[in-house]
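Take a look at the structure set out below.
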There are 2 protein chains.
Amino acid sequence: MVKQDTQREQTASMEHYLEAIAILSAGKRAVRVKQMSDLLGVTMPSVTSAAKKLSEQELTEHEKYRHIKLTPEGARVAGDIIHRHTALTRFFAEALGIDQATAEEGACKIEHVISPLGMERLAKFVEFMEACPMGGANLPGRYEYYLEHAELPPDCRMKGVKTR
Amino acid sequence: MVKQDTQREQTASMEHYLEAIAILSAGKRAVRVKQMSDLLGVTMPSVTSAAKKLSEQELTEHEKYRHIKLTPEGARVAGDIIHRHTALTRFFAEALGIDQATAEEGACKIEHVISPLGMERLAKFVEFMEACPMGGANLPGRYEYYLEHAELPPDCRMKGVKTR
DNA sequence: CATAATTATTAGCCGTGTCTAACAATCAAA
DNA sequence: TTTGATTGTTAGACACGGCTAATAATTATG
């Protein structure tokens, strides 16, 4: 059973298109070129050409003048991208205290360049922050205090809490 | 006093070149095209052409067949990039527990796409983590425990530490 | 159902950033 | 100081990903 190197690495651009298809096809079955061009802020020809490339890689199917849809493989890849997007957005919003919209924006840029390891660790970090009742649930709160007052919050100055 | 929009936004590529010049000229005065092509893993013509573009923007000076150097403005821009690089590397290494080399690699990708706000917050976050004796100095430790054991460390299960 | 409005495609251009091949300058060493 | 090795530049090709203009298919409507 030869495991061939499928060599399916995408450019940031192609990932972006793939993601858009996944997002727009949530619910509906049909993704129109127009919808994509509107969402992504590019022209329709750009979408057409991206769809062509993705279809050559069998990540999408696109009948001419008709709608675009993901193949199972395409859905898998897109799912992965969206997963990155979500985790990054959470990190920016929940850990760094950046507003949702700006957090999304940031995630959009970084989701295409971050390494698998970086991604995994970042996700785990957010998880940890939220799960740990001490460093966790309150860390964002304390961090916000720090952001606002430019000094450590009172409870951080508390002594005697040994942690190892 | 009219503040004109200097419109000096660089592409990831150009930032990368700029950064390399700054790094290589630390100490020495001369940066050779060869050094840059070696460091960046591109061919010499690529460096020449980048240098030309940067010189047109007055970020570098490049006498033909001679060395390349930063203008004061170029040094400023490069400094900013390096600053981003450093902060990101610290975040990956110190907060996420990624080894130095891999952390650098990750930083290299992200430093060119992260927003000023994201950058600022991230830097503050690292600062905070290190400064706060509770959530701080020990958070990385607890996080590492979490990474290794896939569950919260003992001291995170401690109750009664109110933080607000 | 004919035609207007909308949506999609094709063709072709452009800027960026890379490369190779060929040539030119500089440097080092005999 | 001449010449070979090294370094640097120029010219030209190419992939990518965007755009506009022209054309074609689809859809909506009167």
Side-chain angles (χ1 to χ4, degrees), chain A residues 7-21 24-25 28-70 74 77-78 81 108-113, chain B residues 7-21 24-25 28-70 74 77-78 81 108-113:
Chain A
Q7 185 62 24
R8 196 177 279 336
E9 210 166 85
Q10 296 303 318
T11 61
S13 238
M14 288 306 116
E15 283 196 356
H16 209 187
Y17 283 110
L18 223 31
E19 194 183 6
I21 299 170
L24 290 173
S25 49
K28 327 169 196 168
R29 58 281 137 215
V31 179
R32 309 291 243 90
V33 171
K34 183 82 184 339
Q35 289 180 284
M36 301 222 358
S37 74
D38 285 347
L39 179 65
L40 298 176
V42 297
T43 60
M44 290 200 295
S46 296
V47 174
T48 301
S49 115
K52 191 182 163 202
K53 257 176 249 180
L54 292 172
S55 295
E56 278 160 6
Q57 295 179 267
E58 312 205 314
L59 295 174
T60 58
E61 280 170 33
H62 184 202
E63 315 160 52
K64 212 169 261 188
Y65 288 98
R66 284 316 214 281
H67 54 274
I68 300 168
K69 66 181 188 189
L70 295 170
V77 176
I81 297 162
C108 253
K109 302 286 188 72
I110 296 177
E111 66 191 17
H112 306 299
V113 302
Chain B
Q7 185 63 23
R8 194 177 279 338
E9 210 166 86
Q10 296 304 317
T11 62
S13 238
M14 288 305 115
E15 283 197 354
H16 209 186
Y17 283 110
L18 223 31
E19 194 182 5
I21 300 170
L24 291 173
S25 50
K28 327 169 198 170
R29 59 280 137 217
V31 179
R32 309 292 241 92
V33 170
K34 183 81 185 337
Q35 289 180 284
M36 300 222 0
S37 74
D38 285 347
L39 178 65
L40 298 176
V42 298
T43 59
M44 289 199 295
S46 297
V47 174
T48 302
S49 115
K52 192 183 161 202
K53 257 178 249 181
L54 291 172
S55 295
E56 279 162 5
Q57 295 180 267
E58 313 205 311
L59 295 174
T60 58
E61 279 169 35
H62 184 202
E63 316 161 52
K64 211 170 260 188
Y65 289 97
R66 283 318 213 281
H67 54 275
I68 300 167
K69 65 181 190 188
L70 295 170
V77 175
I81 298 164
C108 252
K109 302 285 186 75
I110 296 178
E111 66 191 17
H112 305 300
V113 302

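Every chain is numbered from 1 and lettered A, B, ... according to where its sequence line falls, protein lines coming before strand lines.
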Mind checking the [atom1]-[atom2] spacing from [X] to [Y]? Nearest 0.5 Å is all I need.
X: B:Lys109; Y: A:Ile110; atom1: NZ; atom2: CD1; value: 13.0 Å
X: B:Leu40; Y: B:Leu24; atom1: CG; atom2: CG; value: 7.5 Å
X: A:His67; Y: A:Gln35; atom1: NE2; atom2: CD; value: 11.0 Å
X: B:Ser37; Y: B:Arg32; atom1: OG; atom2: CZ; value: 11.0 Å

Option among A:Val77, A:Ile81, A:Leu39 that satisfies the side-chain contact (heavy atoms from CB on, under 4.5 Å) test with A:Glu19: A:Ile81
Opening and closing nucleotides of DNA chain C in contact with chain A, under 4.0 Å to non-hydrogen atoms: C:dT7 to C:dT10
Stepwise side-chain hydrogen bond (donor to acceptor under 3.5 Å, both in side chains) test for A:Ser55 and A:Thr60: CA-CA 5 Å; A:Ser55 295; A:Thr60 58; 2.9 Å; yes
Protein proximity profile, nucleotides 1-18 of chain D - base contact B, sugar-phosphate-only contact S, no contact -, cut-off 4.0 Å on heavy atoms: ------SBBB------SS
B:Leu18 vs B:Leu70, side-chain contact (heavy atoms from CB on, under 4.5 Å): CA-CA, chis, key distance, verdict: CA-CA 8 Å; B:Leu18 223 31; B:Leu70 295 170; 3.8 Å; yes
